[in-house]
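Computed from a predicted model, the values in this text were never measured in an experiment.
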Amino acid sequence: MRINPTALLSLAGLMSPAPLAAQTMATADDGPQIVTGGTRTAGETRMPDVIVTARRREENAQAVPASLNVVGGDLLDLSYTVNTQGVTALIPSLNYSSANPRNTALTIRGLGSSVVAVSQSNDGLEPGVGFYVDQVYHARPATAAFDFADIAQIEELRGPQGTLFGKNTTAGAINITSRAPTFTREGFAELSYGDYNLVQARGWVSGPISDTVAYRLSAVATRRDGILDNVATGRAANTVGTQAVRGQLLFKPSETLQTRIIADFTNFQAYCCTQVFVRVGETQRPLSRRYAYLAGQFGYAPASTDPYDRRINYDGPLGVDTNEGGVSAITDWRVGIGTITAVTAWRFWNWDAENDRDYTGLPIQLSQHIPSRQDQYSQEIRLASDGERRISYVVGLYGFRQRITGRPISIYGPAAAGWLIGQTTGANNTPVPTNLLDGYGQDGRTDFRTQSYAAFGEVNVRIVPTLTATGGLRYTHEDKDGYYSTFTFGGPAATSSALINARLGILRGQSYQAHDKDGSLSGRANLAWNVTDGVFGYASYARGFKSGGINMSGLPLNAQNQPALATAVVRPERNTTYEVGLKTQPFDRRLVFNIDGFYTRVRDFQATIVDSSQTAALRGYLSNIPKVTVKGIEADATAIVVAGLTVRAGVAYSDGRYTDYPAGPCPLELQTNQTAVCSLTGKRLASLPPWAITAGIDYSHQVAGGSVFLHADTASRSGYNGDPTLSRYTRIDAYNLTNASIGYRFAGGLELAVFARNLLDSNYLQNVTVQAGNSGLILGTPGDPRVIGVTLRTRQ
């Protein structure tokens with residue numbers, strides 16, 4: 001599929017998802033009313049205000065001098081969006097990639113963390129996109145893969161967000177707010193059933209306990225059969241099994257003081273997550289080290305060479321068992337000079353998964369998993385001015401502590417030696433026993449700790465009634481400590497030095513400790529101009545940083561075959577972003593149309609480099625490259641065409657480049673038996689579609705005492721490369737994903753709907769992976785096939 005840029009711009013000009021994506025306001029007389037935010041009565045044809053907390057205080061989104069998208073909770077419900085991956089169908093600049101929950105990456109404008117380039121299974125590194133739920137930072141990207149329920153609003157904030165948010169991030173932030181307890185009784189229940197035995201139940205209930213205490217209880221559970229047919233075991237793979245529950249109490253003893261306590265738990269257990277054969281790429285390695293020869297020597301053939309057959313024949317274990325949760329308390333106290341907010345939180349994340357990581361039906365790798373546990377504690381205190389004043393401000397302090405422990409385990413099988421080493425090894429071509437790696441494995445312990453402290457403040461000064469200047473600074477100090485220790489075990493006895501070295505070349509135990517300390521100043525400044533009523537322009541400058549880290553996945557070796565400690569610490573990324581934008585509400589606020597242009601420069605971008613300055617031989621390892629740039633234009637709009645009919649759309653164009661990347665890894669087609677260096681300078685940034693559009697429509701109309709309602713959303717992305725080496729074999733083709741639902745709402749509040757996910761049954765890849773060992777095998781995760789189902793829901 002090819003996407004025509006002219007067509008994209010034309011569509012954007014007509015109706016570009018909104019920075020303000022639609023919400024639904026249910027009314028008894030006219031069914032769901034689709035608006036961009038706030039509330040309105042049936043038949044009203046003006047856009048209501050959308051209130052956001054992008055600057056840590058409540059503001060109208062159209063008066064915030066920054067690029068952002070807002071997806072209201074009612075649109076999330078109507079579009080069956082229960083996780084972050086689904087949000088990408090509503091926001092064009094947001095990309096999501098996940099080979100499994102642990103290896104989850106979010107990028108905004110192409111920046112963040114690529115699953116391959118900066119693996120999110122590396123516990124010592126932080127994401128470039130901050131993920132916040134109810135004002136609490138979630139330190140591990142894996143938690144963004146869990147389902148959520150009963151969400152009031154999701155804000156996507158683009159560009160550096162370090163000034164006011166808990167942790168510095170170079171790319172942006174996802175700010176999720178759940179619905180709060182209410183002092184009026186309300187409830188919602190929904191049950192859906194669809195193809196592949198999809199069953200999803202959602203619901204929530206809220207109301208008063210006393211005049212000063214209210215509660216809210218929310219839950220969601222999803223089950224689905226697998227969509228990949230594993231012919232080797234007869235069991236369908238990539239099933240879904242999730243459940244989430246959240247309980248809240250709101251204490252409001254007076255109009256000036258309230259405390260909201262939130263406890264939540266989410267679990268994911270499934271026969272998941274694996275990938276399928278996509279293609280075989282050519283390399284310059286000897287024929288005996290290429291996939292065709294290696295598979296042929298074992299008489300192996302994949303179950304299918306068409307990834308969209310969704311057929312595999314893997315023999316190894318497969319399963320995911322992961323959960324996360326926590327408790328937080330948010331206190332707001334209005335005092336004479338503003339509102340004091342205190343956010344106290346503890347969160348945990350547990351992970352265990354065992355996968356067949358050779359992605360074949362051969363016993364190459366019998367087991368690989370990294371049981372992990374994360375605990376984090378955070379405390380934030382802010383003071384924000386109230387109301388409309390000539391000078392307004394936000395100041396605060398932030399503290400964060402984190403500990404992640406892990407146990408990296410790998411065990412190889414009887415086919416490993418022939419596949420990974422070959423028939424001979426060493427200068428004398430020593431014959432390799434076929435069982436050399438059978439039972440050979442690795443075990444160990446990792447321990448990573450972070451302490452982070454920050455002071456921040458931002459001031460807005462209204463120079464004249466129509467012109468406001470903003471300036472903000474944040475200073476962050478961080479201490480990080482990492483401990484890594486692994487050992488090898490098992491395998492048959494080997495006395496030959498050639499065989500011992502060959503085995504150590506596959507797995508070698510190592511131990512090291514590393515420490516990193518850093519202090520950084522970030523900030524932003526902008527000018528905002530109320531041109532006329534309904535026309536708002538701004539120009540901004542922002543400087544942010546993504547924290548440095550410690551490589552917790554093992555280090556390359558020095559001349560003594562010891563870990564090269566100089567490669568343990570990865571420096572912070574430094575981001576500078578310039579942006580101009582225009583926000584408008586023409587036609588008596590029947591239309592919201594926003595557009596912005598940006599230029600971003602990232603220095604010390606975290607990526608893989610290849611050199612021999614820190615290691616004994618030319619070797620690739622995680623470090624920093626000099627510079628990456630991204631520039632682009634984004635536009636979005638929401639329009640009320642007539643009462644009951646809302647359309648919305650968005651377009652994002654981004655040109656991301658490795659501006660200075662002289663020592664990068666080589667793409668598959670240039671790889672030989674020896675490590676080589678390839679310059680990627682001037683090449684396009686991986687994992688960034690140049691063009692992305694989203695569009696949607698919502699309609700409701702009274703019929704026979706109730707109302708008919710229709711929802712549809714569509715998202716298209718142009719082709720891009722899914723691997724940082726930019727191999728021609730790892731390109732992901734352009735694709736479109738369309739979802740829709742139609743239903744009837746009875747006068748009593750009962751709703752019956754038919755829905756379709758991936759209505760057009762589009763074939764597309766979510767991500768691609770080069771098989772370990774670089775035989776040429778390319779794997780990928782195909783998107784879910786079309787699912788059609790029925791939903792019954794009721795609300796009070």
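Of the candidates Lys631, Arg109, Lys583, Arg109 is the only one forming a salt bridge (charged side-chain N to carboxylate O under 4.0 Å, His left out) with Asp596.
Between the Ser378 side chain and the Phe400 main chain, no donor and acceptor come within less than 3.5 Å of each other.
In summary, the side chains of Tyr453 and Gln451 do present a donor paired with an acceptor at a separation below 3.5 Å, with no hydrogens or angles considered. Asn95 and Ser687 form no side-chain donor-acceptor contact under 3.5 Å, judged by distance and modelled atom types alone. With hydrogens and angles left out, the side-chain atoms of Asn69 and Arg158 include a donor and acceptor closer than 3.5 Å. Inspection of the Ser372 and Arg102 side chains reveals an N or O donor paired with an N or O acceptor under 3.5 Å. Side chains of Ser520 and Arg574: a donor-acceptor N/O pair is present below 3.5 angstrom, by distance only. A side-chain N or O of Tyr538 and one of Glu579 form a donor-acceptor pair less than 3.5 Å apart. Counted by atom type alone, Thr769 and Asn767 present zero donor-acceptor pairs between their side chains at under 3.5 Å. In this structure, a donor-acceptor pair under 3.5 Å is absent between the side chains of Gln85 and Ser98.
Salt bridge annotation for Asp447-Arg445: absent, with no cationic side-chain nitrogen under 4.0 angstrom from a carboxylate oxygen. A salt bridge does not link Glu324 to Arg140: none of the charged side-chain nitrogens sits closer than 4.0 Å to a carboxylate oxygen.
In this structure, Arg474 forms a cation-pi arrangement with Tyr398, its terminal cationic atom sitting closer than 6.0 Å to the ring centre and no more than 45° off the ring axis.
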